[in-house]
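Below: one structure, written as C-alpha cells.
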Amino acid sequence: MVPISQPPKPAPVKDPARYLSVQGAGMVFDTRNGAFCALRDIDLDVARGEFVSLIGHSGCGKSTLLNLVAGLARPTSGALLCAEREIAGPGPDRAVVFQNHSLLPWMTCFDNVHLAVERVFGGSEPKARLKARTHDALALVGLAHAEHKRPGEISGGMKQRVGIARALAMQPNMLLLDEPFGALDALTRATLQDELMRIVAATGSTVLMVTHDVDEAVLLSDRIVMMTNGPAATIGEILPVPLPRPRDRLALSHDPVFIDCRSAVLEFLYQKQKKTAA
Amino acid sequence: MAREDSMSAVLNPAIGKTPMRAIDGAAPVTPRTGTAPAAAPPAASAAAPAPRPAAVPASVLAERRARAARVVAPLAGFAVFVLVWQMIAHGNSAIPGPAKVWDAALAIFGDPFYRKGPNDQGIGWNVLASLGRVGIGFGLAAAIGIPLGFMIGRFRFLDHMSGPIISLLRPVSPLAWLPIGLLVFKAANPAAIWTIFICSVWPMIINTAAGVRQIPQDYMNVAKVLNLSEWKVFTKILFPAVLPFVLTGVRLSIGVAWLVIVAAEMLTGGVGIGFWVWDEWNNLNVAHIIIAIFTIGIVGLALEVGMVALARRFEYA
Ligand SMILES: Nc1ncnc2c1ncn2[C@@H]1O[C@H](COP(=O)(O)OP(=O)(O)OP(=O)(O)O)[C@@H](O)[C@H]1O
Ligand SMILES: [Mg+2]
C-alpha cells in the first residue's frame, strides 16, 4: 500500500497481523553433556496489540522462547522478526520482566526504575518529568512507599512488582513477561492483572507472557500458546480466547466461554502433556 | 540462680514487675502500672501468665553471659600470653619480661617524634615512613591492578593471555623483586615501593577479574534489554557489582604489603619500622624489637579493620 518510490527508508510495509513473527525457530544449547535441543520448529505470529500467553510445564522452554523474542539469545535455526525486521538483539522497545526480577541490588527501587526511564525518555524529557514517570510507575504497582528501599530490603513479591514497574515505565511497543505474577499472593496478583489489562488496553502494547496459571492465561490472553514438554519442545496447540474486553474477573468466572477455555488448557496440560516425574 | 534473678531485677526494674503485672491483669480492675515501661493489655498478660516472668530473665541472662564471654575471653587470652612471656623471660635472661618492655615502651612512646639525625628518629617517624611507602606502592598497584583486572575479567583473550604469566609470578616472594628495583631505580626508597607494588598488584588483579567474571548474567541482561551505553554499563552495573571483590583484593593486598614492607626495609635501610627493628637488633636492644613487633601488629590490625569497615559500607546483599 505504501508507494514503492518513497525513499530513503526501506518501505515500512507494516503487516499488523504479524507484528512479531517466529518462523521455524529452534534452540539447541551446547552443554557439558553435548547438544541439548530445547526448542524446535516454533512458528508463531503475534498481531500488533495482541496479548499472547505461553503456557507449558516447567522446563519446556518458555523462558528460552521469550529470551529469543527479547533478543537475549539467538535461535540456532529459523528466524524471528519484529515489525518486519530481524531481531538482532535486545532493545528497550521490547521490555522484559524477568522471571527472577533481575533488579540491581545496589540501587534503590526508585533508581532501578529510573535507570530504565532515563534510558528511554532521557533524550527528550526534562529531569523532573523522568522522576515523575518513575514515581508514577512505582505508585502503579503500589510501591510508592518503598521507593527508597533496596531490593534486599523488600519481599519477593515486591521485587517482582518493581520489575513490572520498570518494564511498564518504559512504555515499550512489546512487553515480554516471564511469570510476572508468579511470586505474588492471590490478592496482589489479581490487582496487578487488572492493572495490566487496563494499561495494555490504554497503550495498545503487544504482550507475550509466560505463565503457569491457567486462570491467568485465560483471563488476560487473546490467544494461549500451549507448549509440549521438553526436550525439543514445540507449540502443541494454540487456543483463541474469544472473550470481549474489557474483561471482568467476577463476571467471567461463570461465563461458559471462560470455563470452556479453561478446561481446554487444563486438558492439554494434564491429559495430553501429562508430566511424567522429571 | 536466685542471686542472678535479683540482680537482673536491679538492673532492669521492669523484670521484677512482670509477675505482679500479670496478677494485676487477672483482676477485673484496669491495672494502673505506671512504673512498667510498656504496659501490656491485661487480656494478653492474663492469657499466658506462667511463661512470661520466666522467659524475660532467661533471655537477659543468656545475653549478659554472651556479652561477658566476649569481654572476658580476650582478656584471659592476653593474660595467658603475658604469663607465658614472663615465664620465658624468667628462664632466658636475653629476653626482657613484660614489665621491662612496658617501661621501655613508655619511654619510646613518650617522645615518638624526635629527630636526631637520619638514622635516629622517633618510632612515630619510622611508622609513618613505612606507611608512606606502603601507601604509594599500594596506590600505584590499585591504579594499575584494578583497571587491568577489569579488562582481564571482561575480555577472554586478555584473560587467557595473562593467566599463565600471573600464575607464574604470583607465588614469587616480592622480596625477590627487590634487587630488580634497586637495579632500575638505583635508590633504596623507590625499590622498597616497587616491592610493595609487586606484592599488592596480584591480589587486586585477580580479585577484580574474578569479580567481573562472576557478575550474574541477570544484571548483564538488564543492561542489554535497556541497551545501556558502555559508560552506563560500567558505572551502573559493572563497577558496583565488582566493588566488593575489588575491596577484598584491596584488603588482602594491604595486609601483604604491610608484611612485606618490614622485610624490605630491613634490606634497604633508611627510615622505617623494618629498618628500626634491624637497627635495634644491631644495638642488641631486644625490648625495642618486641615493642616494634607489637607496633607492627597494631598498625596492621588497624589497616585491616579500616578496610573491613570500608568494605562493609559497600555491601548491598
Ligand atoms: N543456557 C542454557 N544452557 C543449557 N540449557 C539450557 C539453558 N537455558 C535453558 N536450558 C534448558 O532448556 C530447557 C528450557 O528451559 P527454560 O528456562 O526455557 O524453561 P521454562 O519453560 O522457562 O521453565 P520454568 O517454567 O521452570 O521457568 C530446560 O531443560 C533447561 O535446562
Ligand atoms: Mg522460565
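Only heavy atoms go into these numbers, but all of them, side chains included; no hydrogens, no water, no symmetry mates. In this text the structure is predicted, and so the values were computed from the model without any measurement. Quick note on labels: first sequence line is chain A, next is B, and so on, each numbered from 1.
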ask   = Given a strict heavy-atom distance threshold of 4.5 Å, which part of Glu118(A) is in contact with chain B: side chain, backbone, both, or neither?
value = side chain
task = Select one option (side chain, backbone, both, neither) describing which atoms of Ala116(A) are under 4.5 Å from chain B's heavy atoms.
result = both
ask   = How far does CD1 of Ile206(B) sit from CD1 of Ile166(B), to the nearest 0.5 angstrom?
value = 6.0 Å
message = Using 0.5 Å steps for rounding, measure from the CE atom of Met209(A) to the OG atom of Ser53(A).
response = 3.5 Å
inquiry  = With side chain to side chain contact (heavy atoms under 4.5 Å, CB included) as the criterion, how do Phe138(B) and Met204(B) come out once you've worked through the C-alpha distance, each side chain's angles and the decisive distance to 0.1 Å?
reply    = CA-CA 10 Å; Phe138(B) 182 77; Met204(B) 299 221 215; 3.7 Å; yes
query = Relative to Phe121(A), does Arg129(A) satisfy both conditions: NZ or CZ under 6.0 angstrom from the six-membered ring centre, and within 45 degrees of the ring's axis?
reply = no
request  = Let me know if Leu243(B) has heavy atoms under 4.5 Å from chain A in its side chain, its backbone, both or neither.
outcome  = neither
message = Are there residues of residues 249-261 of chain B whose heavy atoms fall under 4.5 Å of chain A's heavy atoms? If so, which?
response = none
Please confirm whether the backbone N or O of [Y] pairs with a side-chain atom of [X], one donor and one acceptor, at under 3.5 Å?
| X | Y | value |
| --- | --- | --- |
| Asp159(B) | Phe155(B) | no |
| Lys236(B) | Asn112(A) | no |
| Thr195(B) | Ala264(B) | no |

ask   = With a 6.0 Å cut-off on ring centres, are Phe239(B) and Trp106(A) close enough?
value = no
task = Might you work through the side chain to side chain contact (heavy atoms under 4.5 Å, CB included) test for Cys109(A) and Leu143(A), ending with a clear yes or no?
result = CA-CA 9 Å; Cys109(A) 297; Leu143(A) 282 181; 5.7 Å; no
task = Starting from the C-alpha separation in whole Å, work towards a yes-or-no answer on side chain to side chain contact (heavy atoms under 4.5 Å, CB included) for Val127(B) and Val299(B).
result = CA-CA 8 Å; Val127(B) 169; Val299(B) 173; 4.0 Å; yes
ask   = So do the side chains of Ser102(A) and Asn221(B) get within less than 4.5 Å of each other, counting heavy atoms only?
value = no
query = Could you name the residues of residues 158-179 of chain A that have a heavy atom within less than 4.5 Å of a heavy atom in chain B?
reply = Arg166(A), Met170(A)
